[in-house]
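What follows is a set of notes on a single structure, which appears directly below.
Small disclaimer: the values here were computed from a predicted structure and weren't measured. Residue numbers start at 1 and run along the sequence shown. Order of appearance sets the numbers: ligands from 1, and atoms from 1 within every ligand.
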Amino acid sequence: MSETGTRFRSTKDLPSAHLLGTGTPMCAGCGGLQALHQIYDVLGEKTVFLNAAGCMTLLSVYPFTPFRGSWLYTAMASAPAGAQGVRDALDILLEQGRIPSREDLRVVVLTGDGAAYGMGLSATSGAIERGLDFLYIVYDNEGYGNTGQQYSGATPHTALTATSRWGAGFRGDKKDLFDIWVAHRPAYAATVIGAEPLDLARKVEKAMSIRGPKLILALAPCPTGWDFDPERTVDIGRLAVRTGVWPLKELVDGEVVHTKDPRERKPVEDYLRLQGRFSHLFEPERNQAELASLQARVDAYWAGVVR
Ligand SMILES: Cc1ncc(C[n+]2csc(CCOP(=O)(O)OP(=O)(O)O)c2C)c(N)n1
Ligand code: SF4
Ligand SMILES: [Mg+2]
């Protein structure tokens with residue numbers, strides 16, 4: 001675990017809020033909004049967001065926005081293409097001397113998992129391939145939240161969703177978006193969660209210091225889609241890390257490094273039990289086979305981690 005080279009050594013070092021807290025139409029306890037607040041506090045106001053349609057789109061209702069910087073809304077698959085256009089436009093304005101360098105902006109995609117793991121993947125792949133200088137933030141609530149939590153490419157095995165509501169739940173497996181990015185050899189990639197704010201702030205700060213395509217992938221506990229009490233968002237986020245379900249890691253010089261290593265992991269069912277989307281694994285009777293298979297997936301991941 002590396003805490004060096006950062007101004008974030010304790011929670012006292014975390015910056016004060018840039019995102020205005022005016023009444024947004026978001027759900028109470030939204031883990032995506034929690035992560036976004038923290039990310040924006042580090043990024044600062046000289047930022048232009050390209051937002052793929054999803055829950056966070058509700059933050060800005062023209063002409064109002066809780067952000068102090070710029071915000072563009074795009075179709076679900078198009079945010080990386082929009083980011084290319086904005087970066088190119090800024091570069092032309094800079095080159096022609098029509099804006100001074102102090103007015104340059106960071107180009108940031110803000111997308112849900114439905115777009116990031118599915119609809120927007122080809123546009124994202126192309127942007128990374130072109131070496132676009134942008135930050136790609138995913139808040140991963142493991143489903144199409146804004147339209148009622150249908151399953152997405154990020155939905156975990158057995159989760160109940162609007163489109164896998166019966167029987168044993170979702171039969172597929174969550175894609176590994178971090179590894180899909182790593183396979184593209186980006187400038188930087190990291191997983192984060194709002195429940196671990198120091199780890200998050202350090203990674204965003206590192207991403208800001210590097211040119212090229214950069215991923216910040218945030219697991220986003222979603223009280224509405226995952227069916228839990230909004231006051232448990234931080235508990236669930238911490239359990240995602242301590243059970244090993246959500247590994248915190250980053251790509252450094254071509255190597256994947258784990259930034260929090262839960263050597264004494266809690267049982268995965270401690271995480272599952274708090275969420276209604278997994279309630280069928282416990283009631284009316286315990287589904288030992290599925291619980292064991294979910295634990296085995298996490299164990300297999302950590303067995304392959306080089307320490
Ligand atoms: C091409 C296209 N299909 C469907 C929609 C409708 N739509 C708007 S938001 C959304 C859900 C997006 O899911 P995700 O990217 O995970 O973001 P979340 O809603 O979970 O924040 C959908 C399906 C759309 N805007 N564009
Ligand atoms: S549905 Fe989930 S991700 Fe969307 S605003 Fe509500 S809590 Fe946040
Ligand atoms: Mg989603």
Side-chain angles (χ1 to χ4, degrees), residues 19 21-40 49-62 65-67 71-83 108-124 136-156 159-165 170 172 174-178 180-181 191-195 215-237 240 246 274-278:
L19 185 61
T22 49
T24 63
M26 316 296 290
C27 311
C30 174
L33 192 56
Q34 179 195 33
L36 178 59
H37 253 286
Q38 296 172 14
I39 292 167
Y40 193 49
F49 280 102
L50 285 297
N51 171 236
C55 285
M56 298 302 156
T57 305
L58 300 177
L59 285 170
S60 290
V61 181
Y62 183 81
T65 167
F67 294 90
W71 174 277
L72 273 88
Y73 164 59
T74 74
M76 270 184 79
S78 312
V108 179
V109 165
L110 175 64
T111 173
D113 51 284
Y117 287 70
M119 283 190 215
L121 200 47
S122 110
T124 309
Y136 189 88
I137 300 168
V138 185
Y139 62 97
D140 180 359
N141 64 359
E142 302 189 320
Y144 289 86
N146 186 240
T147 43
Q149 197 73 2
Q150 295 80 19
Y151 77 75
S152 75
T155 300
L160 299 178
T161 70
T163 37
S164 49
R165 199 191 288 276
F170 181 57
K174 187 179 177 77
K175 279 184 205 168
D176 192 335
L177 187 66
F178 181 83
I180 291 171
W181 265 73
T191 60
V192 300
I193 191 160
L215 169 70
I216 295 286
L217 175 55
L219 185 68
C222 168
T224 310
W226 299 8
D227 187 14
F228 64 82
D229 187 326
E231 71 178 29
R232 306 299 306 261
T233 300
V234 172
D235 296 337
I236 287 179
W246 188 248
L274 294 178
Q275 304 171 49
R277 63 179 176 154
F278 297 114

- [ ] Taking all non-hydrogen atoms of both residues into account, name the closest pair between A28 and P230 and its distance.
- [x] O-CB, 3.5 Å

TODO: List the atom of G120, the atom of P80, and the distance in Å for their closest heavy-atom pair.
DONE: O-CG, 4.4 Å

Open item on the list: Has T161 got a side-chain atom pairing as donor or acceptor with S164's backbone, closer than 3.5 angstrom?
Closed with: yes

Once you restrict both partners to nitrogen or oxygen, which atoms of ligand 1 have a protein partner under 3.5 Å, and how far apart are they?
residue  : atom   : partner : partner atom : Å
ligand 1 : 15 (O) : G114    : N            : 3.1
ligand 1 : 15 (O) : A115    : N            : 3.1
ligand 1 : 16 (O) : D113    : N            : 3.3
ligand 1 : 16 (O) : D113    : OD1          : 3.2
ligand 1 : 16 (O) : G114    : N            : 2.7
ligand 1 : 16 (O) : G143    : O            : 3.0
ligand 1 : 19 (O) : C55     : N            : 3.4
ligand 1 : 19 (O) : G145    : N            : 3.4
ligand 1 : 19 (O) : N146    : N            : 2.7
ligand 1 : 20 (O) : N141    : OD1          : 3.1
ligand 1 : 20 (O) : N141    : ND2          : 3.0
ligand 1 : 20 (O) : G143    : O            : 3.0
ligand 1 : 20 (O) : G145    : N            : 2.8
ligand 1 : 21 (O) : C55     : N            : 2.8
ligand 1 : 21 (O) : Y139    : OH           : 2.6

- [ ] Return each pair, listed once, that meets side-chain hydrogen bond (donor to acceptor under 3.5 Å, both in side chains) where at least one residue sits in residues 143-153; pairs must be two or more places apart or across chains.
- [x] D113-S152, T147-Q150

Open item on the list: What I want to find out is whether R232 reaches D235 closely enough, with some N-O distance under 4.0 Å, to be called a salt bridge.
Closed with: yes

Open item on the list: Test your reading of the model: is there a side-chain donor-acceptor pair from W246 to the backbone of V192, 3.5 Å cut-off?
Closed with: yes

Open item on the list: On a heavy-atom basis, which atom in I236 and which in P221 lie closest, and how many Å separate them?
Closed with: CG2-CB, 4.2 Å

Task: Y73 and S60: side chain donor to acceptor below 3.5 Å - done: no

Open item on the list: Strictly distance-based, threshold 3.5 Å: is any side-chain N or O of T111 a donor or acceptor partner for the main-chain N or O of A52?
Closed with: no

TODO: Would you check if the side chain of W226 reaches a backbone N or O of N141 as a donor-acceptor pair within less than 3.5 Å?
DONE: yes

Task: Neighbouring protein N, O or S atoms of atom 6 (Fe) of ligand 2 [cut-off: under 2.8 Å, no waters] - done: C27 SG

Task: For L110 against N51, the heavy-atom pair lying closest together - done: O-ND2, 3.1 Å

TODO: Can you list, by chain and residue number, the protein N, O or S atoms under 2.8 Å from the Mg ion (ligand 3)?
DONE: D113 OD1, N141 OD1, G143 O

Open item on the list: Looking at every non-hydrogen atom in both residues, tell me the closest pair between L177 and A116 and how far apart they are.
Closed with: CD1-O, 3.7 Å

Task: Mutual orientation of the aromatic rings belonging to Y40 and F67 [parallel < 30°, tilted 30-60°, perpendicular > 60°] - done: perpendicular

